[in-house]
Amino acid sequence: MFRARSLMRSATSGDRVTSLGLFFDLVFVFALSQLSHHLLEYHSWVGAGATFVLLLAVYKVWVYTTWAATLLNTSRLEVQWMLLIVMLVTLFMNASIGLAFGTFGWLFAASYLLVQLGRGAWIRPRLFYSTGTGPTPTI
């Protein structure tokens, strides 16, 4: 038996920009364009407030996923799959922005919750085991 390799990024690894990271950011550029279209469609103070609430949700998904990608070794296949799944679900969330306070509100909320809870559930045991505070997983 041997110890599982850590998914954490090493302190000596350089700050490399990967194509996956650039594609991840492109997903959120799409979200910003959807938010601007939402604000143009609902051009009022209520529309501005609704757009701000949506912006907070999109920003929170972006910040926490970027934080996780900074901590984790993105050259590992498991981390790349996690980022790809987050991007796919986030694309559904972003596509529903236009009607997030209408008929597609359920899709926006379900996508948001799936990303936030799923990423947290995926990352927690990996951080727990990699810091040495839990039992050592064996493969």
Which atom pairs, one a donor and one an acceptor, fall under 3.5 Å between side chains of residues 80-90 and the rest of the protein, sequence neighbours left out?
from, atom 1, to, atom 2, distance (Å)
Gln80, NE2, Thr74, O, 3.0
Thr90, OG1, Val86, O, 2.6

Minimum heavy-atom separation for [X] and [Y], please, with both atom names.
X	Y	value
Ala31	Ile97	O-CD1, 4.0 Å
Leu39	Ala48	CD1-CA, 3.7 Å
Leu54	Ala100	CD2-CB, 3.6 Å

Would you give me the side-chain donor-acceptor pairs under 3.5 Å for residues 56-65, sequence neighbours excluded?
from, atom 1, to, atom 2, distance (Å)
Trp62, NE1, Asp25, OD1, 3.3
Thr65, OG1, Val61, O, 2.8
Thr65, OG1, Arg119, NH1, 2.6

Mind checking whether [X] and [Y] sit in one hydrophobic cluster, side chains of I, L, V, M, F, W, Y counted as touching below 4.5 Å?
X	Y	answer
Leu107	Leu91	no
Leu32	Phe23	yes
Trp122	Leu113	yes
Phe30	Phe92	no
Phe28	Phe108	yes

Query - Qualifying side chain to side chain donor-acceptor pair (under 3.5 Å) pairs, either residue in residues 32-49, two or more places apart - result: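 The answer is His38-Thr51.
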Query raised in the report: Using the ring of each side chain (for Trp, its six-membered ring), is Phe104 parallel, tilted or perpendicular to Trp106, with breaks at 30° and 60°?
Result: tilted
**Report entry** Note, Asn94 side chain near Leu35 side chain (heavy atom, < 4.5 Å)
**Finding:**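 Side chain of Asn94 against side chain of Leu35, heavy atoms only: no contact under 4.5 Å found.
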Query raised in the report: Side chain of Ser96, backbone of Met93: donor and acceptor closer than 3.5 Å?
Result: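 Checking the backbone N and O of Met93 against the side chain of Ser96, a donor-acceptor pair under 3.5 Å is found.
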